[in-house]
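Letters go in sequence order (proteins before strands), and every chain restarts at 1.
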There are 2 protein chains.
Amino acid sequence: MNTPPEHVPRDHTPSQLNAPPRAGHVAPEGYDPGAFEPFAVTVDLAVFTVRDALLHVLLVQRGEEPYRGRWALPGGFLRPRESAEAAARRELAEETGLGGGTAGALHLEQLATYSDPGRDPRMRVVSVAYAALVPDLPEPRGGGDAARAGWTPLAQARRLAFDHDRILADAHDRVGAKLEYTGLATAFCPPEFTLGELQQVYETVWGVALDRPNFRRKVLATPEFVTPARGGRRRTGGRGKPAVLYRAGDAAALHPPLLRPEGPTP
Amino acid sequence: MNTPPEHVPRDHTPSQLNAPPRAGHVAPEGYDPGAFEPFAVTVDLAVFTVRDALLHVLLVQRGEEPYRGRWALPGGFLRPRESAEAAARRELAEETGLGGGTAGALHLEQLATYSDPGRDPRMRVVSVAYAALVPDLPEPRGGGDAARAGWTPLAQARRLAFDHDRILADAHDRVGAKLEYTGLATAFCPPEFTLGELQQVYETVWGVALDRPNFRRKVLATPEFVTPARGGRRRTGGRGKPAVLYRAGDAAALHPPLLRPEGPTP
DNA sequence: TCCTTAATAGTCACCCTGACTATAAAAAGG
DNA sequence: CCTTTTTATAGTCAGGGTGACTATTAAGGA
């Protein structure tokens, strides 16, 4: 039923096999023609958002074997003339239902590439993983076919298909670390946001509570991290003093960094 | 002469084409069979070492077109049942001439994956880049065939083949950043080293001078960063008071980090 | 022995940070 | 309208890490 297809036999593509070995790539002793074995290349996306003070990740439910019915990270194959980042952006637009223009502006970060043989039981697949941070919460359209898609609290995103548990864990680690020394947190926020909302991002991703006055002092002291929005203030749902609105600044790196409390995450 | 081989036509590998689409991968509207187009996958290595207070990188000279005669990062194709990290470690052992056992212990870090179509004029190649940090300076054997290999000061590693200039720049950035918040710098040092040698690593990679007493205070205050070696002291070539020897500790992350002076690297 | 060189020890002020406390501003309830 | 509640914002204070320096120790060479 689902025997993994054999790798393409060598003689299927003579023109490719006759191509000179690539790159500086001093042919190692015992140069192996099988080195040209073709691989399938995919992208996998860990799309995060903050909702209800909980970190959510976008998952899709598989409609076919293997792992039928299991949840998985969205993703797909690279097209022949498409870079991995372009593929990731295309998939992101497709899965979230956001327009290409909107999706093109989202923060996308390449995480790592997963290449263990056997990570896909059917064939040799090398996957480039990306993390994406999106602000608001447009409930995703189901992708158009049988598979479902939806935001899942990170704590409930368990037992995913393939090696996606590990990819997701790596993605979470990376995002948490990047919040410390980059202005990335603003990517989780809408164009105009309050410092309370920004603090919520940190607290949600790190899973710790931060002191509000100290957080505000630190953020405002970092040049170009946030800039006041002309809009003024926003009432955060009703009661209380409305908070001033800010916009993301130009600071890519935070100096000094905004370190999370406690020790490392062992 | 060197026309890039055509991509494998679709009907060459029907078994592969009939395989169900992988992963969560809701088939996008207009699912494209060409998505299964095979890619070649390689690894490229940026192998760094510190020599004579200068950061050096291992380069190999290309013996064939394209880019014949140009310098390039070492690397090579993934074998059919080999992960990217295994391939990188194998290439590292081959290019440096180190034994597999030694090379297996070296620090290897996955950097990023480069997948622009056209990055290799001949065919579609996706390359997983790794950075490696090696301590001493075994002059590499030439790889066994026509191509030469050797350590090159980073400043002179210009106009490399393919997109290796960019890969090398990314690698340097990443290594510099990782020195700040990890104990990675010890990977550049031999098993036993002095604090002066460790400081030399930071100064060389960052290109800045550090205050020696402050550096020593910081390093020794960080738990598990370095531990005293039983050996005692080493005379650093002759004159002066011999320095105490240390070994790398177990600290993976530095808390708080050892931030480099000045602002970010714009 | 004196001088040079390099490692190590120690000092001091500043700034960042964590932990708090106090005030201001708006909405809800009586 | 006044009070209460809630949340944003301002201010205080002590401790610790850091940058900039100075002093001491320990070796080799003239």
Given [options], the nucleotide with the shortest approach to the side chain of [X]:
X      : options                : answer
B/N214 : C/dA6, D/dT9, D/dA20   : D/dA20
B/R212 : C/dA7, D/dA10, D/dT18  : C/dA7
A/R217 : C/dG18, D/dT18, C/dC16 : C/dG18
A/R216 : D/dT7, D/dA10, C/dT8   : D/dA10
A/P256 : C/dT17, D/dA8, D/dA27  : C/dT17
B/K218 : D/dT18, C/dA26, D/dC21 : D/dT18

Can you see which heavy atom on A/L254 is nearest to which on A/T182, and at what distance?
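Heavy-atom minimum between the residues: CD2-O, 3.4 Å.
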For B/Y246 and B/R216, which heavy atoms make the closest approach, and how far apart are they?
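For B/Y246 and B/R216, the tightest heavy-atom pair comes out as OH-NH2, 4.2 Å.
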Atom-to-atom span, [atom1] of [X] to [atom2] of [N] - whole angstrom:
X      : N      : atom1 : atom2 : result
B/L220 : C/dA7  : CG    : C1'   : 12 Å
A/L259 : C/dG18 : CG    : C1'   : 13 Å
B/L258 : D/dG19 : CG    : C1'   : 13 Å
B/Q199 : C/dT8  : CD    : C1'   : 13 Å
B/F215 : C/dG10 : CZ    : P     : 20 Å
B/L210 : D/dA20 : CG    : C1'   : 14 Å
A/Y246 : D/dA8  : OH    : P     : 12 Å
A/K241 : C/dA25 : NZ    : C1'   : 5 Å

Relative to the 5' end of DNA chain C, which residue comes earlier, B/G196 or B/D211, by the nucleotide with the nearest heavy atom?
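The residue whose closest nucleotide sits nearer the 5' end is B/G196.
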Going by the angle between their ring planes, with limits at 30° and 60°, are B/H172 and B/F48 parallel, tilted or perpendicular?
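Tilted.
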A/Y114 and A/D170 side chains, donor-acceptor separation under 3.5 Å:
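Indeed, the side chains of A/D170 and A/Y114 share at least one donor-acceptor pair under 3.5 Å.
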For B/L168, run the side-chain contact (heavy atoms from CB on, under 4.5 Å) check against B/L160, B/D163, B/D44 and tell me which one passes.
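Only one of B/L160, B/D163, B/D44 forms a side-chain contact (heavy atoms from CB on, under 4.5 Å) with B/L168, namely B/L160.
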